[in-house]
Amino acid sequence: VRVRRSTPTNRQRAINRGLFEFCDLTECAIRQSTVTCSNGVSEYNLLSTVNVPGADFLRIAKQGIEYHLVSSGTTNSTTIIAGDLLPRREIPWLNQYDLGWRTSTGGTPYAYYERRDGGRYLLGMVPPTRITSSETAKVLLPYVAKPSSMTASTDTPFTFSSVVRDDLEPYHQALVHYAAAQLEKLRRDAEASQYQMQQFLGYIERYTRTQE
């Protein structure tokens, strides 16, 4: 039986995949962008609307979005809707419990949803935003960011647009365990691969506990 061997290329690929998986599973790398809202518009394509340095948008973070409505009338004021006042809802939930959501002509959002449509990643506001001529509105969008891939031996893990997250240094070893889990598969050693993956997941759990 011929056993495939590890090469520098697939070792590098495995390390970078571990970096991606760690950021994805822990949401340790959250950035914030802004989506400008328009009157009567219900959906915004985040893949073309969001101003993301380096195109590093992965998905909306679990902490949820904020809706800001700014009035520039005689009395300047800002209304912020977030948290329990602006929950994320699934479309099936809206169809069952909010029957008129699709036909609403506009108002102050009380929920939002996410929808994928081919090459689009859509943020939907319920109801569509109603914005008068003396108002502006925006969504503050926290999103999970994709880390920069490492290509040189001097590169540092958890680098985002050339900025290194030194606070994540204790979790560098997690990437090694993830890569080892993948490379052990090349040797067809399922037990060793599983052991290394358990070590990786241990770092995931350790990080998650620090965020509670």
Side-chain angles (χ1 to χ4, degrees), residues 6-35 46-47 50-67 80 82-90 112-116 121 123 139-187 189-212:
S6 170
T7 65
T9 298
N10 56 34
R11 287 196 294 270
Q12 182 185 74
R13 184 182 299 116
I15 285 284
N16 280 318
R17 187 63 193 179
L19 175 62
F20 180 93
E21 292 290 341
F22 190 93
C23 291
D24 186 33
L25 292 172
T26 63
E27 296 198 357
C28 65
I30 295 179
R31 304 187 73 173
Q32 183 168 279
S33 188
T34 301
V35 178
L46 300 183
L47 298 184
V50 177
N51 179 22
V52 287
D56 60 356
F57 176 84
L58 288 179
R59 67 174 185 278
I60 299 173
K62 293 177 183 177
Q63 72 184 62
I65 67 172
E66 295 182 12
Y67 177 70
I80 300 176
D84 292 340
L85 298 178
L86 191 63
R88 179 184 181 275
R89 298 299 190 192
E90 300 289 347
Y112 73 96
Y113 62 90
E114 298 171 50
R115 184 170 72 86
R116 279 73 166 179
Y121 185 130
L123 168 67
V139 167
L140 292 187
L141 185 86
Y143 68 91
V144 181
K146 179 171 62 176
S148 302
S149 294
M150 295 178 288
T151 58
S153 60
T154 55
D155 288 345
T156 304
F158 304 109
T159 297
F160 304 89
S161 299
S162 301
V163 178
V164 178
R165 283 281 301 278
D166 291 329
D167 61 301
L168 294 174
E169 183 176 353
Y171 303 96
H172 286 188
Q173 188 64 26
L175 316 185
V176 178
H177 288 298
Y178 182 92
Q182 306 311 309
L183 297 175
E184 288 293 354
K185 294 177 183 179
L186 299 179
R187 300 198 305 151
D189 191 335
E191 183 176 352
S193 177
Q194 184 178 23
Y195 171 79
Q196 293 293 345
M197 183 57 67
Q198 288 173 345
Q199 299 304 304
F200 170 74
L201 293 176
Y203 278 92
I204 298 291
E205 182 180 1
R206 173 182 166 185
Y207 178 86
T208 301
R209 286 201 307 267
T210 67
Q211 306 305 302
E212 296 176 350

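For the numbers below, each heavy atom of this structure counts, side chains included, while hydrogens, waters and symmetry mates do not.
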Hey, could you give me the CG/CZ distance between D56 and F160, rounded to the nearest 0.5 Å?
8.5 Å
Apply the side-chain contact (heavy atoms from CB on, under 4.5 Å) test between T34 and each candidate in L141, V139, L140; give the one that qualifies.
L140
Residues that E191 engages under salt bridge (charged side-chain N to carboxylate O under 4.0 Å, His left out), provided they are two or more places apart
none
Can you find a heavy atom in the side chain of I60 that is under 4.5 Å from one in the side chain of E114?
yes
Please state whether the rings of Y203 and Y171 are parallel, tilted or perpendicular, taking 30° and 60° as the class boundaries.
perpendicular
Exercise: identify the closest heavy-atom pair between L58 and Y143:
N-CD1, 4.4 Å
Within the 4.5 Å heavy-atom criterion, are R11 and L183 side-chain neighbours or not?
yes
Throw together a table of side-chain donor-acceptor distances under 3.5 angstrom for residues 12-27, partners on residues two or more places apart or in other chains.
| residue | atom | partner | partner atom | Å |
| --- | --- | --- | --- | --- |
| Q12 | NE2 | T151 | O | 3.1 |
| N16 | OD1 | M150 | N | 2.7 |
| N16 | ND2 | Q12 | O | 3.3 |
| N16 | ND2 | M150 | O | 2.9 |
| R17 | NE | E21 | OE2 | 3.1 |
| R17 | NH2 | E21 | OE2 | 2.8 |
| D24 | OD1 | R59 | NH1 | 2.2 |
| T26 | OG1 | F22 | O | 2.6 |
| T26 | OG1 | C28 | N | 3.2 |
| E27 | OE1 | K62 | N | 3.2 |
| E27 | OE2 | R59 | NH2 | 3.1 |

Ring of Y113, cation from R89 - is the NZ or CZ under 6.0 Å from the centre and inside 45° of the axis?
no
Distance col, row M197:CE vs Y178:OH, nearest 0.5 angstrom, shows 5.0 Å
How many angstroms lie between atom CG of L186 and atom OG1 of T7, to the nearest 0.5 angstrom?
8.0 Å
Which atoms form the tightest heavy-atom contact between D189 and A192, and what is the distance?
OD1-N, 3.0 Å
Which atoms form the tightest heavy-atom contact between A61 and I30, and what is the distance?
CB-CD1, 3.8 Å
Evaluate the criterion ring-ring contact (aromatic ring centres under 6.0 Å, His included) for residue pair F57 and Y121; output intermediate values, then yes/no.
CA-CA 10 Å; F57 176 84; Y121 185 130; 5.2 Å; yes
Work out which heavy atom in P170 is nearest to a heavy atom in R206; give both atom names and the distance.
CB-NH2, 3.7 Å
Beyond-backbone contact of F158 with H172, side-chain heavy atoms, under 4.5 angstrom
yes
Can you tell whether the side chains of R209 and E212 come within less than 4.0 Å, N to carboxylate O?
no
Looking at side-chain heavy atoms only, is the closest gap between E169 and P157 below 4.5 Å?
no
